[in-house]
Each structure stands twice: as C-alpha cells, then as structure tokens.
S.K.: 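Below is the structure I would like to discuss, written out as structure tokens.
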Amino acid sequence: MTAEPGATERPDREPEEDDDLERGGAGTGVHPAPPVHPVDQVPAPGRLLAGGFQHVAASYAGVVAPPLVLGAALRLPPKEITFLVGAALFTAGIATLLQTIGFWKVGARMPFVNGVSFAGVAPMLAVADARAGHGDALPVIHGAVIVAGVLGFLLAPSFCRLVRFFPPVVSGTVITLIGITLLPVSFGWIQGGRPDRPASLTNLALAGATLATVLVLRRLLSGFLRQIAILLGIVAGTLIAVPTGVVDTSATRHAALVGFPTPFHFGHPVLEVPAIVSMCVVMLVCMTESTADMLALGAIVGRRADEKVIAAGLRADTLGSAVSPFFNGFANSAFAQNIGLVAITRVRSRYTVAACGLFFVLLGLSPVFASLIALVPQPVLGGAGIVLFGTVAASGIDVLRTAGLDQGDNLLIAAASLGMGLIPVVSRAFYDNTAIPETLKIILNSGVSAGCLTAVLLNLAFNHVGRGRRTP
C-alpha cells in the first residue's frame, strides 16, 4: 500500500474486496450507488467475526500486560489480578467501540483498537511506591486517570491542530519509529517476557515456525484465507506448542464463567495532586502518540486523518480513559500494533475492529473465555509480531520515500529524529539520571514521543522559521 498521509483518493482494492461493494447494474437504467470507502464497508458475518478475532489475538497481550504488571507490583492476590485483567479487557472494548463506531464528535471512525496504555505503568507504579499501603494506591490512580481523561477531552479540539505540523518528512519518520519501537516488544515475547535473558531454543523454534507459517500462508492462500493468515499462523503456532509444554492451561481451569467488573471494586476515586499531574503528563504523551497513530493508519487505509478526524479520535481516547476507572480500568490509547495487521491484511473495515471491541467486552464479562486467548504462548505472538510491526516500519519508510529527502534539510530532520526516537529502544537506562525530572523521563523514554517532538521542532526550525530570509 503506497497511499500518502494526505491522500484523499480511494486506494485500489484487492479482488476479494469487490464482493463487499454494492454496485448498480450496467445498462439497467439504475444509477450505481456511490462507492463505499473500504473503511466504511461491512464485511460478511463470517469475515467480520474472524477478522475481529484476529485483532483480539494481535492485541490481547498488550491489553492485559499493564494490569498484570501493576497487580503484581501492588501484591494483589491472584483472584484480584484476574479481576483487574477482566476490567482492562472490558474497558478496552468500550474504548474501541467509541473509536470505531463513535457518536456525535467522538471517535475517528477508523479501524483502531484502543487499550490500556503502557505509558502510564511507570507513573502508576511510582504512585504505589509512594504509599505505605499498596492497597490504597488503586483509588488514587483511578482518581488521577479520571481527571487526566477529562482534561484530555477538553484539550482535544486544540491538540488536533498539530496535524498541520506533520508533513511527510515528519509523519514518515513517526510511522517508521512506531514500527521500530514495537519490534522489541515482539522480541521480548520470544524471550518469554524476560528481555534480560536469551531466548530458549524452544521459544526460537516456536517463533520461527509461526513466522514461517504466516509467510507461507500469505504466499499460497488467496481471498479471505489470505486475509486471516496472521490468525491462522497464531493458531498453528499454538497447536505446535502444545507438545512442548509451553501452553499453560491453569488459568482456564480456575476461571469463572461469568464475572462483571463491579464499579469501584477497589474503592472510590481519591484525588491527589502529584498523581494527577503525573497522569496528565501521561495523557499528553498518549495524545501525541495517538495523533501519530491516526496519521499512520490514515496513510494505510487511504483516508486522510485531518484535524476533524484526529480531534474525534482524541475525544474517544480521552473519554474512554475517563470512563475506564469507573469499571476499575486505566488510561486507554490507540494500539499501534493493530496498524500492522491492517496493513498486511488490507482489511480496512472499521466494523471488523468494532467486532474486536465487542469481543473484548464479552471477554471482560467472561473470565473463562478470556483465559482461552491467554493459551497462546508469548513466543507464538512474537513470531507473528515480527511481521506485524515490521510492516508498520516499512509503511513509514514508504512515506519517507515521498518526503523529498533530497530537498533542503529533510534528510537531516529524519536522521536526527530517528536517532532520538531510537535511544530508549536501544537503552532503557539511558535517561535514568536523577537530575532529569520524572515527567520529562516519561516523554524521553517513549521513542515515538521523543522522535515525534524532535521531528516537529526540527521541521519548524528548518522549513518554517525564518524561511523567507534563507537563500534558495
């Protein structure tokens, strides 16, 4: 797919998409209905459900990781951690439905999965560490997330105007960074969630088998089966993993059939200024990353993410975040990993992702079914993730190809921004200096945010400020 972020024309469709369009008959005297953009097409029920489940498989690990980390840090019992995971799934589903279906001026109405943002994990752990009793931390965290979500919702109409500062040299750099910064996540999965340890031969074999299966299926299959090659590869990888003993079924055996995330299960929200300030900074970081994600997805699906779309998308992000704590959830933002799935499958329907959101809601209401998704071993997800995240990076490189890197200082802008964005990817301890404020570390330790801000500022400095005084 080679659509640019600013493209308004409808991209070419693959043959299998033709069946999903309504067309008037030629020579019948009936005027054909206006073509429906692939984003707004409703797939057949079978394709809708399979495509939605594929998005669930791709994003499940990202949704449940933050509550698992936080629950362990707070020393919650297993039952409460399971409850926290269910709440994260439930609220991620609500946020995804807000983003894909939307109402009024809320929702980008694009194929975006929204889930718990990992950017908020470090500040939330800091809130817990600052309290003598860790059990009191969740009400404080939830109160801070509500305030940050409301603030972000109010700022969305102004924040979206930043889109004018995202020409191809900026958007291409940011899209590339999104893919590059996600690839270590995939590698970590292959290492069994322990990036500090080498991957075992079993994990390497499972990841390699999954990756090879996906590539072979993409090469040999056609039509709908080719579109769900990622899902088929994950299923195949999981079946291959069964004899190795890597598949853990303990969560399924002890999970309840039905469980609703009781509002304020851990106590009513508590407002504390330090926690609120930290989460507001996190919300601004999430809004920056979501803006970049919307630009990336707009380039892939062939529908330009203008100020109106970005404002609506940010409203969905922030409203979902403000509502989540009522059901024991956390701050939500767009999931970049699903952009790669859209790019490689070319299934651009937002209703497919809405089905994913509905699945998340149902999983949040049924722990036993949620545990079935957890059967997929991390190395299998890692093998599929190499394709997903690598596709995002390749899409960014394709946008950079159109950015005119041979003109002016665009090459310098891209080079410096990529370098700044890669620092936290290469070294997580790079900014662990006590002299650097914690709020600044949140931004610097996000490769996408650091690279995005660098690209925007350098583009302003080299291509806008004092441009009239510069010699041609």
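Just so you know, residue 1 is the first one in the sequence shown, and it goes up from there.
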S.K.: Would you indicate whether the side-chain heavy atoms of I413 and N463 approach each other to under 4.5 Å?
M.R.: yes
S.K.: Between D406 and L411, is the side-chain contact (heavy atoms from CB on, under 4.5 Å) condition met? List the steps.
M.R.: CA-CA 7 Å; D406 58 336; L411 181 61; over 6 Å; no
S.K.: Using a 4.5 Å cut-off on heavy atoms from C-beta on, say whether the side chain of F103 contacts that of L319.
M.R.: yes
S.K.: Could you pull out all donor-acceptor pairs under 3.5 Å where a side-chain atom in residues 107-115 meets a protein atom, sequence neighbours excluded?
M.R.:
from: R109; atom 1: NE; to: I101; atom 2: O; distance (Å): 3.4
from: R109; atom 1: NH1; to: V106; atom 2: O; distance (Å): 3.3
from: R109; atom 1: NH1; to: G107; atom 2: O; distance (Å): 3.0
from: R109; atom 1: NH2; to: W104; atom 2: O; distance (Å): 3.4
from: N114; atom 1: ND2; to: D317; atom 2: OD1; distance (Å): 2.5

S.K.: If I compare all heavy atoms of A92 with all of V63, which pair ends up nearest, and what's the gap?
M.R.: CB-CG1, 4.0 Å
S.K.: Which heavy atom in I310 sits nearest to a heavy atom in A305, and how many Å separate them?
M.R.: CD1-O, 3.7 Å
S.K.: Can you sort out the partners of S324 under side-chain hydrogen bond (donor to acceptor under 3.5 Å, both in side chains), two or more places apart, ordered by chain and number?
M.R.: N332
S.K.: Shortest non-hydrogen contact from A241 to P377?
M.R.: CB-CG, 3.8 Å
S.K.: Do side-chain atoms of N410 reach the backbone of A403 as a donor and acceptor pair under 3.5 angstrom?
M.R.: yes
S.K.: What's the spacing between C356 SG and L48 CG if we round to 0.5 Å?
M.R.: 11.0 Å
S.K.: Using the test side-chain hydrogen bond (donor to acceptor under 3.5 Å, both in side chains), find all partners of N328 that sit at least two apart in sequence or belong to another chain.
M.R.: none
S.K.: Mind checking what makes salt bridge (Lys or Arg N to Asp or Glu O under 4.0 Å) contact with R315, not counting sequence neighbours?
M.R.: none
S.K.: Can you tell if the side chain of R304 reaches within under 4.5 Å of the side chain of V309, non-hydrogen atoms only?
M.R.: no
S.K.: Would you say that L211 contacts V387 through its side chain, given a criterion of any heavy-atom pair below 4.5 Å between the two side chains?
M.R.: yes
S.K.: Does the side chain of I94 come within less than 4.5 Å of L97's, by heavy atoms?
M.R.: no
S.K.: Side chains of L412 and L458: does their closest heavy-atom pair fall under 4.5 Å?
M.R.: no
S.K.: Okay, side chain of T176, backbone of I397: is any donor-acceptor separation there less than 3.5 Å?
M.R.: yes
S.K.: May I ask you to decide if A414's main-chain N or O and T173's side chain share a donor-acceptor pair within less than 3.5 Å?
M.R.: no
S.K.: If you measure from CG on L84 to CG on L89, what distance do you get to the nearest 0.5 Å?
M.R.: 10.5 Å
S.K.: To the nearest 0.5 Å, how far apart are CG in L297 and CZ in R350?
M.R.: 12.5 Å
S.K.: Are more than 12 heavy atoms, taken from residues, nucleotides or ligands other than L201, located less than 6.0 Å from that residue's CG atom?
M.R.: no
S.K.: Just to verify, what does F327 make a ring-ring contact (aromatic ring centres under 6.0 Å, His included) with, not counting sequence neighbours?
M.R.: F90
S.K.: Rounded to the nearest 0.5 Å, what separation is found between the CD1 atom of I190 and the CG atom of L206?
M.R.: 10.0 Å
S.K.: I'd like to know if the side chain of Q41 and the backbone of S349 have a donor-acceptor N/O pair within less than 3.5 Å.
M.R.: no
S.K.: Can you measure from OG1 (T96) to CZ (F360) and round to the nearest 0.5 angstrom?
M.R.: 6.0 Å
S.K.: Taking all atoms of both residues into account, what is the closest heavy-atom pair of A88 and V116, and its distance?
M.R.: CB-CG2, 3.8 Å
S.K.: Are the side chain of Q99 and the backbone N or O of G313 linked by a donor-acceptor pair below 3.5 Å?
M.R.: yes
S.K.: When you measure from the side chain of S321 to the backbone N and O of G149, does any donor-acceptor pair fall under 3.5 Å?
M.R.: no
S.K.: Tell me the closest heavy-atom pair linking A331 and V145, and the distance in Å.
M.R.: N-CG1, 3.8 Å
S.K.: Any side-chain heavy atom of M294 sitting closer than 4.5 Å to one from L314?
M.R.: yes
S.K.: Compare every heavy atom of A95 with every heavy atom of G320, then report the nearest pair and how far apart it is.
M.R.: CA-CB, 4.4 Å
S.K.: Residues in side chain to side chain contact (heavy atoms under 4.5 Å, CB included) with S200, at least two apart?
M.R.: T202, N203
S.K.: Going from OG1 on T91 to CG on L98, what distance comes out if it is rounded to the nearest 0.5 angstrom?
M.R.: 11.0 Å
